[in-house]
Amino acid sequence: SRHERLALAHLALDGLSLGDAFGDTFFGRPANPDAIRARIDARELANAPWPYTDDTQMALSLVAVLRDKGYVDQDELAASFAAHYEPGRKYGASMHGLLRGIQQGHPWREGATSQFEGQGSYGNGAAMRVAPLGAFFADQLDTVVEQATLSAEVTHAHPEAIAGAIAIAAATALAWQLRQDGLLPSRTEFIDLILPFLPESQVRNKARRARDISETTSVEAVAAMLGSGYAISAPDTVPFVLWCAGEGLGNYTEALWLTIRGMGDMDTTCAMVGGIVALSCPEPALPTTWLATREPLPTWVK
Ligand code: F2R
């Protein structure tokens, strides 16, 4: 039922926003990887509150549109992104102009397709917000692919950004399906299930590499091999996220501690991994003490 779908979308939203807020507490600190690694080794959490960023802010709109419409109404989604645009949430550079343009009445499609001299954005912003959509349509993978594409197009017209969104949404849906079946696959098996849904792209090629990396490889080496989002692009972020999610299925906090070791775009890698892995965990999926430290989500998405 719509009610059950929405409950799954909210679980993914909590997993995503908690990952986003957790990751952001490591991000932008003095650029000293050793200090960050020492905190990770000591499992040292930042003091409350943990503010969330653009990843969550845009995911809230997606959940609100799914709640109200039951599908991705692109005009509604664009309007919601613009209505809830908060410039201080650390959006990707091109989003400011795009969302201000929509606020001023410019058509979203024109804005999205004209980004970067007509290429469209291949940033990771379409993938970072999409896990709740994968959860909402978790029992229908073809619909996940179609609706993830529609949700991406509103801001990210580049095929790589769309492939990234499909990958994260499909991973979330599959995480839920596998849990329903009582299965906890290996990372290799998990990524193998995602690959058939991905269009030909760098994201897919690198996801295949993520599937095939040997079991003894450290997360730091994987981040160096695949990229962990320093370029904040979909191909530089999503394959690493699939590797981390595949390794961390069934254990939310360990999945995030693993992901954070990869450094890079930490709020966004953790948001994506958190959204996926939340759907794979036994209840309660998320640590209540961590949830209590995250900035509360606004009431308009309830
Ligand atoms: N690191 C950020 N945001 C920057 C924070 C700036 C500032 N310090 C602040 O505090 O406000 N994280 C956020 O950005 C990522 C999501 O980005 P999104 O939504 O995809 O944005 P954008 O600008 O479209 O793409 C990101 C960058 O990718 C490069 N790029 C994309 N398409 C390109 C193309 N066709 N050609 C060339 N370059 C392209 C550009 O550098 C874009 O700015 C998330 O990590 C989010 O948390």
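It should be emphasised that the depicted structure is a prediction, and the values quoted were computed from it without experimental measurement. For ligands, and for the atoms within them, numbers begin at 1 and follow the listed sequence.
- Between His96 and ligand 1, no N or O atom pair is found at a separation short of 3.5 Å.
- Closer than 4.0 Å to atom 18 (P) of ligand 1 lies at least one heavy atom of the protein.
- At under 3.5 Å, not a single nitrogen or oxygen of Met95, backbone or side chain, sits near a nitrogen or oxygen of ligand 1.
- The nearest non-hydrogen atom to atom 34 (C) of ligand 1, considering only Tyr91, Tyr230, Tyr122, comes from Tyr122.
- The ligand atoms of ligand 1 that sit less than 4.0 angstrom from a heavy atom of Gly120 are 35 (N).
- Protein heavy atom in closest approach to atom 22 (P) of ligand 1: Ser94 OG, 3.4 Å.
- Close approach of ligand 1 to Thr268 is summarised as follows: ligand atoms under 4.0 Å from at least one heavy atom of the residue are 44 (C), 45 (O), 46 (C), 47 (O).
- Checking only distances, Ala126 never comes within under 3.5 Å of ligand 1, N or O to N or O.
- Gly92 CA, 3.3 Å is the protein heavy atom nearest to atom 21 (O) of ligand 1.
- Between the side chain of Arg67 and the backbone N or O of Lys302, at least one donor-acceptor pair lies under 3.5 Å.
- Distance alone, capped at 3.5 Å, places no donor-acceptor pair between the Gln147 side chain and the Leu133 backbone.
- With Arg209 as the fixed residue, the side chain to side chain contact (heavy atoms under 4.5 Å, CB included) test singles out one of Leu226, Val222, Ile191: Leu226.
- Using the six-membered ring where Trp is involved, His158 and Tyr122 have ring planes that are perpendicular, over 60° apart on the 30 and 60° scheme.
- Taken together through direct or relayed side-chain contacts under 4.5 Å among Ile, Leu, Val, Met, Phe, Trp and Tyr, Leu195 and Ile276 form part of one hydrophobic cluster.
- In Glu200, the CD atom is crowded: over 12 heavy atoms of neighbouring residues, nucleotides or ligands sit closer than 6.0 Å.
- Using bins of under 30°, 30° to 60° and over 60° for the plane-to-plane angle, the ring pair His84/Trp300 lands in the parallel bin.
- For atom 20 (O) of ligand 1, the nearest non-hydrogen atom from the set Met128, Arg129, His156 comes from His156.
- Nearest protein heavy-atom contact of atom 2 (C) of ligand 1 is Lys90 O, 3.8 Å.
- The ring of Trp257 has its center closer than 6.0 angstrom to the ring center of Phe22.
- In terms of polar-atom proximity, defined here as any N/O pair under 3.5 Å, Ser233 makes no such contact with ligand 1.
- Looking only at heavy atoms of the protein, atom 42 (C) of ligand 1 is closest to Phe116 CZ, 3.6 Å.
- A salt bridge between Asp267 and Lys90 is absent, with no side-chain N of the basic residue lying under 4.0 Å from a carboxylate O of the acidic one.
- Residue contacts with ligand 1, taken as heavy atom pairs separated by less than 4.0 Å, involve Asp55 solely via side-chain atoms from C-beta onward.
- Side-chain contact annotation: Ser61 with Ser80, donor-acceptor N/O pair under 3.5 Å present.
- Near Ala93, meaning under 4.0 Å from one of its heavy atoms, ligand 1 places the atoms 23 (O), 43 (O).
- One N or O on the side chain of Glu160 and one on the backbone of Val203 form a donor-acceptor pair closer than 3.5 Å.
- Compare Thr53, Asn124, Leu98, Leu99 by their heavy atoms: the one nearest to atom 44 (C) of ligand 1 is in Asn124.
- The protein heavy atom nearest to atom 45 (O) of ligand 1 is Asp265 OD2, 2.5 Å.
- Under the 4.0 Å criterion applied to side-chain N and carboxylate O atoms, Arg129 and Asp20 are not assigned as salt-bridge partners.
- Close approach of ligand 1 to Gln119 is summarised as follows: ligand atoms under 4.0 Å from at least one heavy atom of the residue are 34 (C), 35 (N), 36 (N).
- Looking at Glu4, its side chain does come within 3.5 Å of a backbone N or O of Ser1 through a donor-acceptor pair.
- When each atom of ligand 1 is checked for a heavy atom of Asp267 under 4.0 Å away, the hits are 47 (O).
- Closer than 4.0 Å to atom 14 (O) of ligand 1 lies at least one heavy atom of the protein.
- Scanning all protein heavy atoms for the shortest distance to atom 46 (C) of ligand 1 gives Asp54 OD2, 3.0 Å.
- In terms of polar-atom proximity, His158 is not counted as a contact of ligand 1, lacking any N or O under 3.5 Å from an N or O of the ligand.
- The contact set between ligand 1 and Gly125, taken as ligand atoms under 4.0 Å from a residue heavy atom, comprises 16 (C), 18 (P), 19 (O), 20 (O).
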Could you go through residues 234-248 and list every donor-acceptor pair under 3.5 Å that involves a side-chain atom there, pairing it with any protein atom two or more places apart or in another chain?
from: Asp236; atom 1: OD2; to: Gly229; atom 2: N; distance (Å): 3.2
from: Asp236; atom 1: OD2; to: Tyr230; atom 2: N; distance (Å): 3.1
from: Asp236; atom 1: OD2; to: Ala231; atom 2: N; distance (Å): 2.9
from: Thr237; atom 1: OG1; to: Asn124; atom 2: ND2; distance (Å): 3.1
from: Thr237; atom 1: OG1; to: Ser233; atom 2: O; distance (Å): 2.7
from: Glu247; atom 1: OE2; to: Arg187; atom 2: NE; distance (Å): 2.8
from: Glu247; atom 1: OE2; to: Arg187; atom 2: NH2; distance (Å): 3.2

